[in-house]
There are 2 protein chains.
Amino acid sequence: MKLEARFCDVDSSEPMVLLHDDDCLEIGVKENDRVSITGKRTIVALVSRSDTLVEKGAVLMHRSLMDRCGVDDGDVVNVQYAPKPDSVRSIRRKMDGEKLEREEIRAIVEDILENRLSKIEISAWLTALYINEMDIDEIADFTVAMAETGDIIKFDREPVFDFHSLGGIPGNKITPIVVSIVAAAGIMIPKLSSRAISSACGTSDFVEVFCDVLMDAEKLKSVSEEVGGVFAWGGGMNLAPVDDMVIRIEHPLGINPRAQMLASIMSKKVAVGATHLLVDIPTGAGTKVPTLDVARAYARDLMDLGEKIGIHVECAITYADQPVGNAVGPALEARECISILEGQKHPASVIEKACECAGIILEMAGIPNGPVKAREILDSGEAHRKFLEIVAAQGGNPELRSEDIKPGIYHEDIVSTKSGYIHNIHNKDVVAIAKAAGAPNDKGAGLMIHLKKGQRVETGDVLFTIYADNEAKLKRARETAIKYPPMDIEGMLLKRVSSTPLRR
Amino acid sequence: MKLEARFCDVDSSEPMVLLHDDDCLEIGVKENDRVSITGKRTIVALVSRSDTLVEKGAVLMHRSLMDRCGVDDGDVVNVQYAPKPDSVRSIRRKMDGEKLEREEIRAIVEDILENRLSKIEISAWLTALYINEMDIDEIADFTVAMAETGDIIKFDREPVFDFHSLGGIPGNKITPIVVSIVAAAGIMIPKLSSRAISSACGTSDFVEVFCDVLMDAEKLKSVSEEVGGVFAWGGGMNLAPVDDMVIRIEHPLGINPRAQMLASIMSKKVAVGATHLLVDIPTGAGTKVPTLDVARAYARDLMDLGEKIGIHVECAITYADQPVGNAVGPALEARECISILEGQKHPASVIEKACECAGIILEMAGIPNGPVKAREILDSGEAHRKFLEIVAAQGGNPELRSEDIKPGIYHEDIVSTKSGYIHNIHNKDVVAIAKAAGAPNDKGAGLMIHLKKGQRVETGDVLFTIYADNEAKLKRARETAIKYPPMDIEGMLLKRVSSTPLRR
């Protein structure tokens with residue numbers, strides 16, 4: 001039917017138009033159905049209906065929809081019922097527990113990308129994936145479809161190595177160290193990282209403290225081919241773009257279906273042209289991967305999927321019962337990361353983890369005794385020189401020093417009120433304090449942890465120092481630390497009792 | 001953080017506010033998270049984010065949210081992260097296949113009613129219900145929660161009888177006949193009906209051709225107690241209001257989870273105070289209930305659920321391979337329905353079905369030989385007198401005659417282009433033609449079917465007549481009839497072949 005297009009100021013996050021109830025009856029559509037709207041061009045939008053917010057005879061549209069439709073405020077458009085995309089039928093099939101064909105999976109991914117599926121439909125899709133899962137063939141098809149609906153980078157030479165951490169552990173600043181060691185050994189590793197999703201600081205959040213992380217695919221390619229490595233932000237490129245769109249729906253449900261998680265990781269590796277991949281699986285209480293059994297299952301899935309899509313995958317299951325190293329938060333992590341490359345030895349856990357991971361990659365590339373070799377490259381200063389080369393290529397200071405990086409000027413020591421041993425450090429509480437202090441948005445915010453698990457503490461010892469860029473957030477972080485103390489301090493005896501098998 | 005509230009013109013169908021990306025980072029919320037907004041009062045809304053549609057420092061809110069919050073355009077409000085309702089955790093539990101407690105189900109229903117759950121969350125809930133189902137205890141809790149979150153009518157006397165049809169069959173105009181027979185026998189039956197959801201004509205759609213269907217609970221109670229029966233529209237009362245809210249999300253997914261369907265039907269019966277219920281289950285190809293096995297499963301579910309919630313339920317599985325009677329569409333069905341009450345015998349299928357259903361209800365009320373007695377009440381004119389009493393009580397003409405009701409003035413006969421037997425009448429195509437003609441919105445629109453299954457037809461015989469209130473829709477309906485012929489006409493031989501077991 002003919003309706004008058006009217007501009008409205010704000011839309012929801014999906015292409016929705018508002019129609020009067022009577023016009024909906026006339027057109028034969030209900031709430032959340034679709035209509036085609038034809039002006040100069042034809043678009044499809046979801047229907048929201050009302051008998052008060054819109055007059056009979058009008059269709060309220062957001063500016064972006066008007067533009068796509070080629071109409072202006074007051075123009076007459078033709079509004080008709082439009083059928084659901086075929087992919088809704090495939091979503092139904094997954095709800096019914098059926099195995100989807102490659103073309104069906106491809107259509108779902110394309111329809112999400114093109115905004116042709118509503119939030120309701122994407123939510124049903126993710127819920128069906130969560131409950132009914134996908135087999136490895138479907139996941140492989142899903143991964144390739146996610147990659148191929150975005151840009152795919154082709155390097156002039158192979159092999160192309162990549163490194164990925166499942167995350168979930170605070171203070172995990174090893175990526176630039178691993179990349180620098182590997183690139184120093186002459187192995188190309190164009191590493192893309194993410195910003196924090198729910199954590200206090202993603203790799204890109206602290207790398208951007210000392211150099212640019214935003215680059216396009218062309219620059220990624222040229223820097224990787226010339227210098228051997230990058231530590232760039234993946235979000236600046238159009239790689240597997242559907243992933244981010246899905247995360248917006250997954251997040252409020254608090255789910256991450258296995259198929260979606262695997263396709264999310266691996267589609268970006270396909271997009272970046274990786275031929276070899278090491279996945280770090282941090283395992284421990286309070287992380288995504290609580291036990292060794294779960295970690296092994298992830299490893300098996302990732303390796304199987306790699307085989308299906310032609311990427312050689314190996315996995316490292318790493319210890320994640322407490323933060324990695326001492327620093328949590330962008331500037332603090334940047335400083336600690338660089339100081340290790342400069343040759344400062346103190347946070348042994350970070351150095352060991354970085355060299356183990358880099359070592360596995362060296363061995364994948366045919367270099368024997370990888371971890372020993374990796375340590376040599378780090379200790380000799382070669383990794384540091386490579387690091388500065390990459391920093392310079394990403395627009396940073398080629399003479400960058402760790403002491404150039406300053407944490408927030410507001411800080412406060414948190415001292416122990418009792419003596420004993422650090423029995424536990426809760427990753428979640430550490431993250432909550434860093435976020436309360438302003439991380440990852442405030443670069444200076446975070447905390448330095450002075451004592452780690454198993455260490456002896458006396459009343460009055462400083463447990464950790466909170467940093468912030470402003471006083472209000474320092475106060476907020478202190479309150480969080482008091483409400484959710486991140487460390488359990490116990491006498492040795494109690495500690496022993498709580499770890500006997502009898503307690504389980 | 002403090003933000004300036006700004007009015008925006010249109011919102012989506014959920015309470016959503018628009019925030020700038022930077023402010024979202026500062027507050028610590030992502031798309032589809034929740035924020036509390038405090039002005040004079042505190043409200044909770046979902047977050048939509050943008051870096052172009054809204055300025056930093058502002059929050060765009062719809063007028064209705066501003067009113068609830070007690071703020072005006074330009075006022076400063078305090079915006080903070082707000083946690084998800086606990087019911088999201090229960091939805092997750094259903095996604096994990098767990099059995100929900102009564103309190104959890106109650107909380108989900110209340111949160112839907114109060115608009116505290118997003119479309120994404122309700123979609124996940126329905127998908128989880130569809131895949132993981134509920135057991136009968138959960139469905140009983142669900143039914144009672146749906147009823148108790150709306151008004152509940154208490155009659156001064158019992159028993160209170162009710163009648164329900166699962167629907168899905170065109171031309172099913174028996175409800176006013178059943179109600180009139182039952183009420184004429186002195187049995188109280190306050191029948192609430194619905195309008196068409198996806199069909200061409202719901203009971204309320206044709207009843208409102210000759211009397212008001214909109215009444216409040218008070219009127220329903222007084223008319224039922226005085227006259228013995230009503231045929232009112234259920235949507236005019238606040239009975240199990242969550243049901244309609246859920247249908248808006250179910251509909252685009254094309255699902256109707258068993259638990260939701262059962263709770264939807266039975267919660268309205270609880271709300272209307274029914275003690276005894278007969279459910280008509282139309283069974284046949286092209287309806288919701290394709291086979292006898294499916295029909296028996298529905299019957300078992302309904303009776304089990306009735307037992308749990310204290311309603312005596314019986315079921316009638318009825319033939320639904322073709323439309324009931326000859327008329328489809330509001331005025332046409334109204335005319336056929338009244339003409340039967342007046343004593344015209346011709347559409348035997350309608351009379352038989354109505355008397356069988358009314359008869360079961362009479363037997364439930366302790367009257368022996370129910371169907372025979374029902375037929376006597378119809379044939380004697382008692383049912384017709386009771387019908388006119390009810391019509392008058394609902395504001396209609398107490399001397400209403402079937403010939404007063406006129407179908408659309410535009411009509412066209414559709415003739416057969418070959419000879420043979422009516423092998424099949426497709427309910428879906430009949431509905432599509434009636435809807436193309438304008439039903440149920442245009443009261444005169446619909447079709448009269450002149451020949452039913454198994455009847456002989458010669459080339460040139462009129463198969464059916466389409467009626468419409470305007471010429472354009474008549475044309476559209478004719479085109480639909482040509483594109484999707486509702487009748488299969490075959491020679492007897494072919495008919496036999498197609499029904500042999502070998503073909504299956």
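It should be emphasised that the depicted structure is a prediction, and the values quoted were computed from it without experimental measurement. In the text below, chain A, chain B and the rest are named by the order of the sequence lines, each starting its count at 1. Every heavy atom of this structure was used, including side-chain atoms; hydrogens, water molecules and symmetry mates were not.
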_Enclosure of A:K30 NZ (heavy-atom neighbours >12, cutoff 6.0 Å)_ = yes
*Sub-4.5 Å side-chain heavy-atom contact between B:V88 and A:L253*: no
Please report, to 0.1 Å, the donor-acceptor pairs under 3.5 Å made by any side chain of residues 431-442 of chain A, with sequence neighbours excluded.
{"residue": "A:K435", "atom": "NZ", "partner": "A:S198", "partner atom": "O", "Å": "2.9"}
{"residue": "A:D442", "atom": "OD2", "partner": "A:K473", "partner atom": "NZ", "Å": "2.9"}

*Salt bridge or not for A:K119 and B:E14, using N-O below 4.0 Å?*
yes
_Quick check on A:K475: does its NZ atom have over 12 non-hydrogen neighbours (other residues, nucleotides or ligands) under 6.0 Å away?_
no
_For the OH atom on B:Y81, are there more than 12 heavy atoms of other groups (residues, nucleotides or ligands in this structure) within a distance under 6.0 Å?_
yes
*asked:* Between A:L46 and chain B, with a heavy-atom cut-off of 4.5 Å, which part of the residue counts as in contact: side chain, backbone, both or neither?
replied: neither
*Are B:H251 and A:N32 side-chain neighbours, meaning at least one heavy-atom pair lies under 4.5 Å?*
no
*Contact leader toward chain B among A:G254, A:S118, A:S50, where contacts are heavy-atom pairs under 4.5 Å*: A:G254
*When you look at CD of A:E55, are more than 12 heavy atoms from neighbouring residues, nucleotides or ligands closer to it than 6.0 Å?*
no
*Contact summary for A:A124 and B:S123, nearest pair of heavy atoms*: N-OG, 3.4 Å
_Could you measure the distance from the CG atom of A:D244 to the CD atom of B:E31? Nearest 0.5 Å is fine._
11.5 Å
_Once rounded to the nearest 0.5 Å, what's the spacing between atom OG1 of B:T127 and atom CD1 of A:I131?_
7.5 Å
*More than 12 foreign heavy atoms under 6.0 Å from CG of B:D86: is that the case here?*
no
*Quick one: which residues of residues 90-99 of chain B reach chain A at under 4.5 angstrom, heavy atoms only?*
B:R92, B:M95, B:D96
